[in-house]
Trainee: 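I am attaching a structure below and will ask some questions about it afterwards.
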Amino acid sequence: MGITVKEFAGGVFLIGPGLALIVAGIVWKGRAVRPFAARRAGRMAHAAYLRDLERATEQVIVAARLAAGEGEPAIVTVAAVERLARERYGHEHVERHHAAAALRRGFRRYGCAADCVTDARGVSGR
């Protein structure tokens with residue numbers, strides 16, 4: 001009728017780790033929600049912001065080239081990059097000079113000097 005040593009040891013090994021995890025969760029609650037390194041989290045968020053601006057720039061250039069008629073230049077605006085970064089990538093506030101810088105880089109990368117026109121040249125930082 002009693003519990004043998006073998007059954008007791010099995011119960012300890014089965015229930016013990018679960019109880020240890022529960023105690024650790026109570027002691028360190030909320031630690032997983034907060035980032036371990038605030039600076040690293042800020043750098044990662046900024047890198048994602050810049051990457052999303054580059055993607056938005058590429059998409060705006062492609063859309064402008066497709067919308068341009070035969071022999072017409074594609075018109076690519078900073079406002080279009082800002083709008084796409086807000087709508088598609090969920091950035092609430094996109095700084096105009098960041099979007100203009102991304103557009104200038106995209107202009108060089110995708111060879112837009114021959115068939116595109118932009119307003120990014122006149123936008124300066126801060």
Side-chain angles (χ1 to χ4, degrees):
M1 233 17 184
I3 298 176
T4 65
V5 174
K6 192 174 187 179
E7 292 171 343
F8 179 75
V12 168
F13 284 119
L14 184 65
I15 296 173
L19 288 175
L21 286 174
I22 290 171
V23 169
I26 290 171
V27 170
W28 293 302
K29 70 177 180 179
R31 182 76 53 109
V33 175
R34 294 186 304 266
F36 289 114
R39 280 189 199 161
R40 185 175 65 206
R43 281 195 311 266
M44 295 301 292
H46 185 69
Y49 170 73
L50 294 177
R51 185 178 58 243
D52 291 343
L53 278 178
E54 296 292 331
R55 288 178 180 164
T57 297
E58 179 181 355
Q59 291 169 354
V60 166
I61 289 172
V62 169
R65 282 180 168 167
L66 292 175
E70 185 68 32
E72 294 179 358
I75 300 170
V76 186
T77 63
V78 175
V81 174
E82 289 176 303
R83 186 182 68 248
L84 192 64
R86 276 194 305 271
E87 291 174 0
R88 183 163 295 180
Y89 297 106
H91 295 288
E92 294 176 10
H93 180 70
V94 178
E95 294 190 31
R96 185 165 175 79
H97 67 275
H98 287 166
L103 187 52
R104 285 190 298 269
R105 285 190 301 272
F107 241 61
R108 284 190 299 271
R109 183 179 306 124
Y110 301 113
C112 292
D115 64 342
C116 298
V117 177
T118 186
D119 61 348
R121 299 283 180 213
V123 178
S124 63
R126 299 182 204 250

Trainee: Looking at every heavy atom in both L84 and A56, which two are closest together, and how far apart are they?
Mentor: CD2-O, 3.5 Å
Trainee: By salt bridge (charged side-chain N to carboxylate O under 4.0 Å, His left out), which residues pair with R65, not counting sequence neighbours?
Mentor: D115
Trainee: Do L103 and V117 belong together in a cluster built from hydrophobic side chains that touch within less than 4.5 Å?
Mentor: no
Trainee: Quick one: side chains of residues 3-21, donor-acceptor pairs under 3.5 Å with protein atoms, not counting sequence neighbours, listed by atom name and distance.
Mentor:
{"from": "T4", "atom 1": "OG1", "to": "E7", "atom 2": "N", "distance (Å)": "3.3"}
{"from": "E7", "atom 1": "OE1", "to": "T4", "atom 2": "N", "distance (Å)": "3.3"}

Trainee: Going by the rule salt bridge (charged side-chain N to carboxylate O under 4.0 Å, His left out), which residues pair with R105 if we only count those two or more places apart in sequence or in a different chain?
Mentor: E54
Trainee: Please answer: with hydrophobic residues joined when any side-chain heavy atoms are less than 4.5 Å apart, are I61 and L50 in the same cluster?
Mentor: yes
Trainee: Other than V62, what residues sit in its cluster of Ile, Leu, Val, Met, Phe, Trp and Tyr side chains whose heavy atoms are under 4.5 Å apart, directly or through others?
Mentor: L66
Trainee: May I have all residue pairs that pass ring-ring contact (aromatic ring centres under 6.0 Å, His included) and include part of residues 49-75, sequence neighbours excluded?
Mentor: Y49-H91, Y49-H98
Trainee: Can you sort out the partners of Q59 under side-chain hydrogen bond (donor to acceptor under 3.5 Å, both in side chains), two or more places apart, ordered by chain and number?
Mentor: R88, Y89
Trainee: How close do R96 and D119 get, counting heavy atoms only, and between which atoms?
Mentor: NH2-OD2, 3.7 Å
Trainee: Please report the shortest heavy-atom distance between A120 and A100, naming the atom on each side.
Mentor: CB-O, 3.7 Å
Trainee: Atom CZ in R51, atom CZ in R55: separation rounded to 0.5 Å?
Mentor: 5.0 Å
Trainee: Quick test of your reading: applying ring-ring contact (aromatic ring centres under 6.0 Å, His included), list the pairs with at least one residue in residues 61-82, sequence neighbours left out, ordered by first then second residue.
Mentor: none
Trainee: Give the table of side-chain donor-acceptor pairs shorter than 3.5 Å for residues 72-80, with sequence neighbours excluded, one pair per line with atom names and distance.
Mentor:
{"from": "E72", "atom 1": "OE1", "to": "G69", "atom 2": "N", "distance (Å)": "3.2"}
{"from": "T77", "atom 1": "OG1", "to": "A80", "atom 2": "N", "distance (Å)": "3.1"}

